[in-house]
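Take a look at the structure below.
For clarity, every value in this text was computed on a predicted model and none was experimentally measured.
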Amino acid sequence: MEDSIIVDLYFQRAERAITETSAKYGNYCSKIANNILNNMSDAEECVNDTYLRAWNAIPPHRPTVLSAFLGKITRNLSLDKCKARYADKRADGELALALDELDGCVPSCWSIEQQVDYTQAAKEISNFLRCQPSDRRQVFVRRYWYMDSISDIANHFGMSESKVKSMLFRMRSHLKAYLESEGITI
Amino acid sequence: MKNESIIRAIGEIDEDIILEASIIHNEQNLRTERIAKKKVSHNARIALIAAVLVLSMGIMAGAVYVLHNWDTVFENYFQPTDKEKETVDSAIEDVDATVSLNGVTLTIRQTIGDDYNLYAVLDIKLPDAFDMSTLIIDPDAGLPKNEHVYTYDEATDTYYYVISPCTKFGRSDSDLYMPFVSFNQTVNGTEIHEGSVDDKIIEVDPVGNTITLLVKRTFTEKISGNPVTLSFEKLSYITDSIANGGVYVDVVNGPFSITWTPSYDCSSKAYTVYNGDTEIGSVILTPFYAAMLLDDASVLGSYRQVYDSIVPEQYLTITLTDGTIIEKQSTYGSIYRETVDSLAFEMDYWFELNKIIDLNEVASVEINGCTVKPAETAN
């Protein structure tokens with residue numbers, strides 16, 4: 001079913017909107033959640049919460065890209081759950097690895113306690129990514145948005161794992177420099 | 001959580017960037033694989049019987065090879081014979097790549113190509129809220145002078161303004177937008193501006209709010225096996241030619257971008273161009289394109305006497321073994337000339353052959369009547 005029809009179902013307050021969303025994007029959301037949580041049961045819970053959030057948000061919101069809209073909700077819910085689960089402890093799975101990798105990427109002016117304006121930072125990160133060749137951009141998004149494993153990314157793009165790692169390393173360095181040059185103090 | 005800020009900020013990047021790297025296809029493939037695995041066990045007995053049948057039929061009639069089903073746009077454009085379909089079957093791909101943004105959905109249905117050239121059937125579905133009747137040209141008002149601004153739908157006897165993917169053209173934001181030559185094209189993320197462009201609007205579907213394009217592209221970088229991206233800033237139409245005071249009307253803003261990785265296995269044949277005993281360039285033929293790459297174009301033909309200060313046109317003539325002659329006049333490409341008066345210049349031209357040819361049935365190739373011989377090693 002086309003996304004626009006699914007969104008219309010939400011607007012009509014038809015419960016079928018949920019079943020159609022689940023049929024089309026259930027696996028997609030589960031993959032995102034499980035990449036972050038590394039736990040199928042928790043992931044399933046987050047996916048169900050995603051449908052509820054979508055139900056409450058549409059209407060009035062009409063998502064332009066339904067998959068990205070749902071993915072963002074799943075991602076944020078999964079991060080929230082992960083944060084609650086681990087508190088001060090170290091997360092595991094791909095999230096932990098991704099966090100370690102991004103350690104050197106955060107501009108020195110950021111701090112953990114600082115209330116970050118994600119919107120402005122996201123805009124600059126988007127600008128940075130748009131300046132990158134398509135393959136690098138996709139590799140970056142696969143790793144740090146979808147939290148895909150290095151091996152999955154390497155398989156998908158037909159690259160060696162070491163090439164993916166070096167590509168990500170360079171991009172992180174450039175992103176940090178870019179964010180600092182743009183004065184993202186947030 | 002350490003570094004939560006950056007992870008959260010990345011989470012809010014633009015949706016088209018998220019979509020470009022989407023894992024949806026992977027998930028759908030996984031699901032298909034799972035279903036396929038289940039079906040294998042259910043159908044094991046049937047498969048066994050089928051295998052025996054195929055084996056016995058194979059002995060009687062030889063192995064059955066299933067060719068691609070051609071998209072109707074390609075069918076109508078090339079009008080290939082069954083033999084021609086077989087000739088280029090490994091060069092055709094069902095892509096079915098789709099992206100959606102701002103209510104616009106782009107779908108590449110099928111492509112056919114070689115290492116440097118491709119044809120693609122591209123559907124552009126406009127936002128549901130957009131009323132395509134606003135594009136209809138009133139016949140009483142007279143048609144715009146520039147034929148590139150309208151298209152005619154034979155089925156409904158209706159003229160529509162052409163909706164074109166438009167990219168900013170020129171040096172500043174206030175410059176014009178060019179329809180039909182407006183896709184940015186990249187291979188492996190690198191912008192490739194060279195090559196020919198001659199996209200055509202094939203169908204306007206006001207019910208489905210969809211426009212179907214036949215996209216025709218050549219590239220100077222190898223495309224087969226590399227991610228190819230077609231992108232554009234916005235969709236708009238022009239009310240008349242610029243000379244007649246036409247203005248551009250935006251339909252929806254992007255930027256829109258669709259990426260896929262073609263994998264064509266297409267034959268090609270190289271020819272060497274001589275002037276007397278001197279090698280001056282090459283011609284490369286594939287079943288649907290010809291590239292003419294000349295290092296010293298000035299010595300060809302008799303135009304030296306006719307054209308002493310302008311760039312001449314070239315004529316590529318392909319004769320098939322059945323006597324069919326395909327003659328193409330150079331219309332676009334790139335020319336390098338040191339000075340205006342210099343008659344020694346480099347010329348690269350690409351010719352769309354408009355039909356599928358079997359390279360084994362090419363009897364001879366000529367450029368302006370000059371000798372063109374098969375190269376010792378084919379590309």
Side-chain angles (χ1 to χ4, degrees), chain A residues 2-4 25 27-28 30-32 63-69 71-72 75-76 79 82-83 86 90-91 95 98-100 102-103 105-106 110-112 114 116-126 129-130 132-142 144-146 148 152 156-157 186, chain B residues 1-32 34 98-105 107 125 127-129 184 186-191 208-209 225-231 252 255 257-261 263:
Chain A
E2 283 194 25
D3 287 356
S4 59
Y25 293 115
N27 282 6
Y28 162 76
S30 293
K31 169 79 173 159
I32 294 170
T64 49
V65 184
L66 185 59
S67 62
F69 171 76
K72 275 186 181 180
R75 190 179 185 276
N76 284 332
L79 288 172
C82 206
K83 192 176 179 182
Y86 290 102
R90 189 180 188 279
L95 175 62
L99 285 169
D100 280 349
L102 288 168
D103 193 27
C105 188
V106 180
W110 290 22
S111 70
I112 302 167
Q114 218 169 4
V116 175
D117 178 358
Y118 300 128
T119 312
Q120 181 59 26
K123 188 180 165 199
E124 294 302 341
I125 294 169
S126 295
L129 290 173
R130 284 190 195 287
Q132 304 299 313
S134 171
D135 58 343
R136 287 190 207 170
R137 181 167 59 239
Q138 289 187 53
V139 165
F140 186 93
V141 174
R142 282 285 180 122
Y144 301 120
W145 199 94
Y146 291 102
D148 263 0
D152 280 355
H156 178 78
F157 289 96
I186 314 174
Chain B
M1 199 164 36
K2 190 183 174 191
N3 290 342
E4 185 188 347
S5 315
I6 187 87
I7 282 284
R8 295 280 187 182
I10 290 170
E12 299 301 319
I13 59 173
D14 294 346
E15 291 184 340
D16 61 307
I17 296 175
I18 299 167
L19 197 63
E20 180 191 30
S22 179
I23 60 172
I24 288 174
H25 285 303
N26 281 11
E27 288 309 297
Q28 284 171 342
N29 289 343
L30 277 175
R31 197 163 42 196
T32 310
R34 283 186 201 122
T98 298
V99 293
S100 298
L101 181 69
N102 294 344
V104 173
T105 300
T107 303
K125 186 180 182 307
D128 293 337
N184 282 330
T186 71
V187 179
N188 257 339
T190 304
E191 283 197 27
N209 253 23
N226 291 312
V228 171
T229 299
L230 295 178
S231 58
V252 59
S257 178
I258 189 161
T259 300
W260 79 103
T261 303
S263 176

- prompt: Which atoms form the tightest heavy-atom contact between Ala122(A) and Ala9(B), and what is the distance?
  reply: CB-O, 3.3 Å
- request: Output, in order, the C-alpha distance, side-chain angles, deciding distance and verdict of side-chain contact (heavy atoms from CB on, under 4.5 Å) for Thr105(B) and Glu2(A).
  value: CA-CA 10 Å; Thr105(B) 300; Glu2(A) 283 194 25; 5.8 Å; no
Point-to-point distance, once rounded to the nearest 0.5 Å, from OH of Tyr144(A) to CD1 of Ile10(B): 7.5 Å
message: Would Lys123(A) and Asp14(B) count as a side-chain contact (heavy atoms from CB on, under 4.5 Å) here? Give the steps.
response: CA-CA 7 Å; Lys123(A) 188 180 165 199; Asp14(B) 294 346; 6.0 Å; no
query: When you look at Ile6(B) and Ile125(A), which way does the side-chain contact (heavy atoms from CB on, under 4.5 Å) test go after all the steps?
result: CA-CA 10 Å; Ile6(B) 187 87; Ile125(A) 294 169; 4.3 Å; yes
task: Below 4.5 Å from any heavy atom of chain B, which atoms of Gln132(A) appear? Answer side chain, backbone, both or neither.
output: neither
message: I need the residue from Ser30(A), Ser134(A), Ser126(A) with the largest number of non-hydrogen atom pairs under 4.5 Å to chain B.
response: Ser126(A)
message: With a 4.5 angstrom heavy-atom cut-off, is it the side chain or the backbone of Asp152(A) that approaches chain B, or both, or neither?
response: neither
Top of Leu66(A), Val139(A), Val65(A) for chain B proximity - count of heavy-atom pairs under 4.5 angstrom: Val65(A)
- prompt: Less than 4.5 Å apart, any side-chain heavy atom of Phe157(A) and any of Pro227(B)?
  reply: no
- request: Only counting residues at least two apart or in another chain, list the ones meeting side-chain hydrogen bond (donor to acceptor under 3.5 Å, both in side chains) with Arg137(A).
  value: Glu20(B)
side-chain hydrogen bond (donor to acceptor under 3.5 Å, both in side chains) partners of Asp3(A), counting only residues at least two apart: Lys24(A), Tyr25(A)
- prompt: In terms of heavy-atom proximity below 4.5 Å to chain A, should Pro127(B) be classed as side chain, backbone, both, or neither?
  reply: neither
query: Can you check side-chain contact (heavy atoms from CB on, under 4.5 Å) on Ile13(B) and Arg130(A), steps first, answer last?
result: CA-CA 11 Å; Ile13(B) 59 173; Arg130(A) 284 190 195 287; over 6 Å; no
